[in-house]
Structure formats: structure tokens, C-alpha cells
Amino acid sequence: MKIGYPCINLSLDCKGDRTFRLKSYSEERLVEIVDNNLNCLFEILRFNVAHNLLFFRITSDLVPFASHPICKFDWQSHFHNKFQEIGNYIRTNDIRISMHPDQFTLINSPDKGVFERSLQELIYHAHVLDLMELNTSAKIQLHIGGVYKDKITSINIFVERFNELPDLVSKRLVIENDDRSYTLQDCLEVSSITDIPILLDSFHHEVKNSGESQAEAVSLASSTWRQEDGILMIDYSYQPGDGRRGAHSYTMNVDHFTQFLDITKSYDFDIMLEIKDKEKSSLKAVEAAKDDKRFVMAI
DNA sequence: CCCTGTCAAGTCACG
DNA sequence: CGTGACTTGACAGGG
């Protein structure tokens with residue numbers, strides 16, 4: 001079990017998700033920003049290793065406009081050495097990596113144009129992980145997508161489109177249950193046809209489920225991960241009673257987290273804290289988990 | 001320098 | 001049919 005947080009670190013004076021406006025696009029600008037973002041990513045990873053945080057989600061903003069037609073620049077070659085250096089560090093320290101394309105990435109849209117743009121976006125994500133020479137335990141997590149008024153058809157389209165994906169994408173893709181449309185059961189149905197592993201979002205599962213307990217959900221999702229996929233990934237967050245539905249909590253409820261670890265103690269997984277204060281809560285989680293026999297410390 | 005409207009992309013709920 | 005939420009900050013242009 002490794003513990004982590006997504007995309008940004010609030011303690012460091014360094015932002016790895018800087019971007020700029022499409023209107024001000026230029027190659028010089030792109031190079032400047034990507035250079036900054038890669039340096040900062042490396043700095044965050046070093047911070048994480050120093051704090052026993054060995055699970056991290058790399059921001060989709062690492063290379064702004066990478067999948068946009070405006071981008072003709074060969075950033076893969078230009079930053080090859082830097083990606084190698086970071087990849088080396090990740091492999092040496094055995095850091096688990098995920099990426100999560102944003103809500104515009106939908107492979108089951110009836111609109112072929114939406115699918116085509118999403119495909120380009122997924123290829124960009126796969127290139128980032130490939131450039132770092134990470135194995136297929138580094139994952140790209142995606143929701144099944146829209147319902148478009150007909151869930152069965154939409155699931156079928158997802159499966160068809162998945163089967164069309166190039167290998168560099170499909171070998172890394174995992175699906176995640178969401179809190180409005182596609183539950184764990186829906187994901188299991190898709191997984192049974194496609195063998196896609198299921199990333200469990202424990203909070204979404206709490207909001208929308210088919211009666212499975214958290215422990216049962218962990219067990220079901222866990223069984224969809226093959227040897228080459230690594231162990232189950234979990235996105236964890238906790239909603240205090242008064243917050244708006246679906247909103248992530250601001251800070252860690254250590255009791256709730258400890259309880260979650262306890263009820264899932266017969267399963268191993270890597271767990272990402274989707275909590276607004278990011279690494280601060282992750283450090284509390286590490287503190288709470290350090291005596292757990294599943295917990296993996298930095299070398 | 002400071003203020004603030006706006007930002008690549010999609011879907012869905014709501015009025 | 002149009003707008004805001006999702007997530008949120010910060011870019012960038014105007015004063």
C-alpha cells in the first residue's frame with residue numbers, strides 16, 4: 001500500500017501545472033512552460049519520496065495543448081532527456097503513477113469528433129508515461145462517459161471504441177466508477193467484456209452503489225487487476241455531512257481513513273487522497289498508516 | 001501595478 | 001434554449 005495525492009503540491013513554491021492561453025500560443029511559450037512543469041514535477045517527486053508518499057497523479061496540464069491541432073512542436077524529442085531523468089527517478093524509487101484526463105475526454109460520445117479529440121488526448125497521456133519508460137502499472141484513469149439517454153447503447157459504444165484504441169493507450173487504461181451515471185456494477189460489466197481494470201473511487205461508491213459495502217467494492221475491483229497492471233488503485237475522499245454532494249472535503253478525517261483501512265485490511269492497494277489540502281492530508285494518512293503491515297516506505 | 005473576466009475540449013441538470 | 005456545475009486557479013488584457 002502506497003499513499004499519494006493528485007497533481008499539485010501546496011507546500012512547495014513550485015507549480016507543475018502552469019499553462020497559458022491558446023491565443024498566446026507559441027513554441028517559445030510552450031517550451032518555457034513545459035520546462036518549468038517538468039522541473040517542478042521532479043521537485044514534487046523528491047518531496048514525496050522524502051515523505052514516504054509513493055503514489056502520485058501527474059497533471060494533465062504537464063504539456064499544455066499537447067493534443068490540440070495548434071501544437072506542431074515535437075515536445076517528445078525536445079524534452080526526451082528530461083522525461084528519461086524523471087522516469088529513472090520514478091523507477092528507482094518505485095513510485096506508482098496515475099494520470100486522469102479531464103471531463104472533456106469521452107470515448108463513448110456519439111459524436112465522432114469528440115471521440116477523435118479524446119483519442120488524441122489519451123495518446124498524449126500515454127506518450128508522457130511511455131517517455132518515462134514506466135511499465136503498464138502506470139495507469140490512465142477514465143470514466144465510462146456520458147449516458148446519452150440510453151445507458152446500454154452507451155456502454156456498447158464504450159466497448160466498441162475501447163477495442164479500436166491503439167495498444168499504447170489500451171494497455172494503460174482503467175475505468176473509474178462515478179457518482180452520477182456509471183456505478184461499480186456498470187464498470188464490472190464493462191470489465192467482464194474488455195478486461196479493463198477498475199479503479200475504485202470509494203467516495204463515488206458511497207454516493208452511488210448497488211448495495212455493496214466498501215470492503216466488497218474493494219474486493220470486486222481488486223479482482224479486475226492483472227499481474228501486469230499492478231495492485232488496485234483507489235481514489236479516496238470523505239464528505240463531511242454538511243458539504244455539497246460530490247464536493248471533495250477540505251481536510252483529512254483521520255478516523256474515517258483509519259476505519260477504511262481497517263475494513264479493507266485483507267486487500268492490498270495504492271490509495272490516493274482526493275482532498276483539497278493535498279499533501280498535508282497525505283502526511284496525516286502516512287502517519288495513520290505507518291504501522292499497517294501493508295504500508296510501503298521509501299527506500 | 002491591480003483588478004477581474006475569462007479560459008480547448010463535454011455532458012447533464014435545471015429554469 | 002441558455003446557463004452553471006464539475007474543479008479552481010491564474011492568465012492576460014484593460015484601467
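In what follows, chains carry the letters A, B, and so on, assigned in the order in which the sequence lines appear, proteins first and then strands, with residues in each chain numbered from 1.
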Please state how far atom [atom1] in [X] lies from atom [atom2] in [N], giving the value in whole angstrom units.
{"X": "A:Phe20", "N": "C:dG9", "atom1": "CZ", "atom2": "C1'", "answer": "17 Å"}
{"X": "A:His100", "N": "C:dC6", "atom1": "NE2", "atom2": "P", "answer": "15 Å"}
{"X": "A:Ile33", "N": "C:dC11", "atom1": "CD1", "atom2": "P", "answer": "7 Å"}
{"X": "A:Asp178", "N": "C:dA5", "atom1": "CG", "atom2": "C1'", "answer": "15 Å"}
{"X": "A:Asn36", "N": "C:dC11", "atom1": "CG", "atom2": "C1'", "answer": "14 Å"}
{"X": "A:Ile275", "N": "C:dT7", "atom1": "CD1", "atom2": "P", "answer": "14 Å"}
{"X": "A:Leu10", "N": "C:dA10", "atom1": "CG", "atom2": "C1'", "answer": "14 Å"}
{"X": "A:Arg180", "N": "C:dC6", "atom1": "CZ", "atom2": "P", "answer": "9 Å"}

Whole-angstrom distance between [N] and [M], as gauged at atom [atom1]:
{"N": "C:dT7", "M": "B:dC3", "atom1": "P", "result": "29 Å"}
{"N": "B:dA9", "M": "C:dA12", "atom1": "P", "result": "16 Å"}
{"N": "C:dG13", "M": "B:dA8", "atom1": "P", "result": "12 Å"}
{"N": "C:dC6", "M": "B:dT4", "atom1": "C1'", "result": "22 Å"}

Below 6.0 angstrom between ring centroids: does that apply to [X] and [Y]?
{"X": "A:His78", "Y": "A:Phe73", "answer": "yes"}
{"X": "A:Tyr236", "Y": "A:His256", "answer": "yes"}
{"X": "A:Phe55", "Y": "A:Tyr5", "answer": "no"}

Q: Would you kindly say whether A:Glu176 and A:His100 are connected by a side-chain donor-acceptor distance under 3.5 Å?
A: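 Side-chain D/A pair, A:Glu176 to A:His100: present.
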
For [X], report the nucleic acid contact type (base, sugar-phosphate, nothing); a contact means any heavy atom under 4.0 Å.
{"X": "A:Thr19", "result": "sugar-phosphate"}
{"X": "A:Ser109", "result": "sugar-phosphate"}
{"X": "A:Tyr148", "result": "sugar-phosphate"}
{"X": "A:Arg21", "result": "base"}
{"X": "A:Asp102", "result": "base"}
{"X": "A:Ser24", "result": "sugar-phosphate"}

Q | B:dT11 - base-pair partner by Watson-Crick or wobble geometry, distances under 3.5 Å | A |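 B:dT11 is paired with C:dA5.
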
Q | Pairing nucleotide - C:dG14, Watson-Crick or G-U, each distance under 3.5 Å | A |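 Paired with C:dG14, as far as the under-3.5 Å criterion goes, is B:dC2.
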
**Q.** Residues, nucleotides or ligands: over 12 heavy atoms within 6.0 Å of A:Asp13 CG
**A.**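 Result for CG/A:Asp13: open.
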
Q: Walk along DNA chain B from 5' to 3' and tell me the first and last nucleotide with an atom closer than 4.0 Å to a non-hydrogen atom of chain A.
A: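 In short, chain A contacts DNA chain B from B:dG5 to B:dC12.
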
Q: Indicate the ring-plane relationship of A:Trp75 and A:Phe83, choosing parallel, tilted or perpendicular according to the 30° and 60° boundaries.
A: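 Because their plane-to-plane angle lies in the 30° to 60° range, the rings of A:Trp75 and A:Phe83 count as tilted.
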
Q. Going through the checks in order, is the side chain to side chain contact (heavy atoms under 4.5 Å, CB included) test met by A:Ile234 and A:Asp270?
A. CA-CA 6 Å; A:Ile234 293 181; A:Asp270 293 327; over 6 Å; no

(Q) Quick check: on DNA chain C, is the nucleotide nearest A:Lys23 upstream (toward 5') of the one nearest A:Lys15, or the reverse? Name the residue that is more 5'. (A)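 It is A:Lys15 whose nearest nucleotide is closer to the 5' end.
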
Q: Report yes if the side chains of A:Glu164 and A:Phe115 come closer than 4.5 Å at any heavy-atom pair, otherwise no.
A: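 They are in contact (side-chain heavy atoms under 4.5 Å apart), so the answer is yes.
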
